[in-house]
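Below is one structure, written out as structure tokens; the observations come after it.
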Amino acid sequence: MTTNGPDMPVIPSEEGKSLSVSMPEEFSWDETLHYLTRSPAECLHQVEGRTVYKLLEFQGEPGLVRLQEQGQGALELTFGEGAPRPSWPLSQAVSYIREWLDGDTDLRPFYRMAENDGLLGPLTRRYRGLRIIGAPDLFEALCWAVTGQQINLPFAYMLKRRLVESFGRSLEAGGRRHWLFPQPEELADVPAEALKALQFTGRKAEYLLGIARLMADGELSKEGLLALGFAEAERRLLAIRGIGAWTAHYAMMRCFRHPAAFPIGDAGLHNALKQQLGLDRKPTEEEIRRIFSPWSGWEAYAVFYLWRSLT
DNA sequence: ATCCAGGCTCCTG
DNA sequence: CAGGAGCATGGA
């Protein structure tokens with residue numbers, strides 16, 4: 001068996017081909033990397049130095065892409081070296097990356113609004129170019145939110161990793177294994193016991209499987225929710241067992257990129273406000289609403305910048 | 001040890 | 001309908 005016979009097709013023009021992903025001026029690769037590296041247990045992308053690898057899937061076919069900064073507000077996108085080349089074109093990944101890294105939001109109105117704000121002003125200057133890193137896959141966004149309910153973040157990352165490495169597909173390249181988040185179909189028929197063995201609580205196991213079944217059955221989808229609009233999508237999500245206000249808004253923030261999504265009950269948000277405002281206790285929900293009232297329409301970004309202040 | 005974690009459901013009164 | 005117990009584990 002030959003590995004490099006004359007019948008092996010070689011397409012030089014495809015080798016080393018790269019595409020440019022244009023990003024707005026208000027985009028910071030440093031801030032993006034800071035977010036992407038915040039947990040060593042993260043398994044849905046890999047960061048090596050200032051290079052990001054992520055396994056994507058289109059038409060059921062996985063492909064590894066590599067992202068580097070290109071300068072002039074652009075990223076360089078290539079296929080990851082050492083990985084099987086998918087049949088889909090690299091151009092298919094460009095719009096995904098722009099959505100993932102929030103390249104389509106104009107942050108200038110947010111910055112103008114925050115400019116003279118005593119709380120948000122310093123944060124937007126300190127973390128300028130920070131954008132809401134998305135979770136374009138609805139199932140992933142919901143599972144991640146449910147997983148993170150009421151537990152500390154390191155533990156949540158560990159649970160996610162176990163879930164992904166137990167039920168997701170993967171591909172090895174360059175001595176590293178890259179993972180896809182499981183599809184709803186890949187989780188729908190898993191017994192709750194299997195999730196409990198990964199240290200999910202019995203309750204969370206039920207929540208995750210319930211969401212998986214809804215999506216596998218086509219009763220819940222990103223397209224369907226997008227068609228509903230903000231208020232109706234929220235109502236639909238809240239009707240699902242295991243999804244409360246925090247989870248619904250978290251998903252709308254990370255998956256639907258709704259700038260007015262507002263996970264107001266978030267413990268990290270409370271701690272950030274306490275710290276930024278020098279309070280000796282956490283703010284009440286009423287106080288939070290008052291603090292956020294000037295930022296109407298941009299709550300998700302205000303929350304994201306406040307989260308950033310914690311690390 | 002005690003309290004808190006990127007909460008939600010379900011049961012009381 | 002507000003309030004609180006229970007969930008279950010890890011880190012400070």
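We use all heavy atoms of the structure for the numbers below, so side chains are in, but hydrogens, waters and symmetry mates are not. Quick note on labels: first sequence line is chain A, next is B, and so on, each numbered from 1.
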> Hey, are A/Q199 and A/R162 close enough side-chain-wise for a donor-acceptor pair under 3.5 Å?
Replying inline: yes

>> Tell me whether the side-chain N or O atoms of A/N152 pair up with the base of C/dG10 as donor and acceptor below 3.5 Å, since no angle test is needed here.
In response: yes

>> Just verifying a value: how many Å separate A/K17 NZ and A/T78 OG1, rounded to the nearest 0.5 Å?
In response: 11.5 Å

>> Say we look at B/dC11 and C/dA8: how far apart would their P atoms be, to the nearest angstrom?
In response: 15 Å

> Roughly how many Å is it from CG in A/L237 to P in B/dG7, rounded to a whole number?
Replying inline: 17 Å

> Taking atom C1' of C/dA8 as reference, at what distance in whole Å does atom CG of A/L195 sit?
Replying inline: 15 Å

> Taking OP1 and OP2 of B/dA5, is either one under 4.0 Å from a side-chain nitrogen or oxygen of A/K282?
Replying inline: yes

>> Classify the ring geometry of A/Y96 against A/F58: parallel below 30°, tilted from 30° to 60°, perpendicular beyond 60°.
In response: perpendicular

> Which part of the nucleic acid does A/L238 contact within heavy-atom distance under 4.0 Å: base, sugar-phosphate only, or nothing?
Replying inline: nothing

> Closer than 4.0 Å, any side-chain N/O of A/Q199 to the OP1 or OP2 of C/dG10?
Replying inline: yes

> How do A/Y35 and A/I243 order along DNA chain B: which one's closest nucleotide is nearer the 5' end?
Replying inline: A/Y35

> A/W88, A/Y53: one ILVMFWY side-chain cluster at the under-4.5 Å cut-off?
Replying inline: no

>> Under 4.0 Å from OP1 or OP2 of B/dC4: is there any side-chain N or O of A/N271 that close?
In response: no

>> In this structure, how many angstroms lie between the P atom of B/dA5 and the CG atom of A/L269, rounded?
In response: 12 Å

>> Please pick, from C/dG10, C/dC7, B/dG7, the nucleotide with the shortest atom-to-atom distance to any side-chain atom of A/T201.
In response: C/dC7

> Between atom CD1 of A/I133 and atom CD of A/E31, what is the distance when rounded to the nearest 0.5 Å?
Replying inline: 9.5 Å

> How long is the line joining CG of A/L208 and P of B/dC8, in whole Å?
Replying inline: 13 Å

>> Any base atoms under 4.0 Å from A/A156, or only sugar-phosphate, or nothing? Heavy atoms, all strands.
In response: nothing

> Can you check the A/L153 CG to B/dC4 P distance for me, whole Å?
Replying inline: 18 Å

> So what does A/L159 touch, heavy atoms closer than 4.0 Å: a base, only the sugar-phosphate, or nothing?
Replying inline: nothing

> Is any side-chain N or O of A/R241 closer than 4.0 Å to OP1 or OP2 of B/dC10?
Replying inline: yes

> In whole angstroms, how far is the P atom of C/dG6 from the CZ atom of A/R203?
Replying inline: 11 Å

>> Rounding to an integer number of Å, can you tell me how far A/I151 CD1 sits from B/dC8 C1'?
In response: 13 Å

>> Assuming nearest nucleotide by heavy-atom distance, tell me which of A/Q150 and A/P154 is located more 5' along DNA chain C.
In response: A/Q150

>> Tell me the interatomic distance from A/M158, atom CE, to B/dA5, atom C1', rounded to whole angstroms.
In response: 13 Å

>> For the C1' atoms, the ones on B/dA5 and on C/dA2, what distance do you get once it is rounded to whole angstrom?
In response: 24 Å

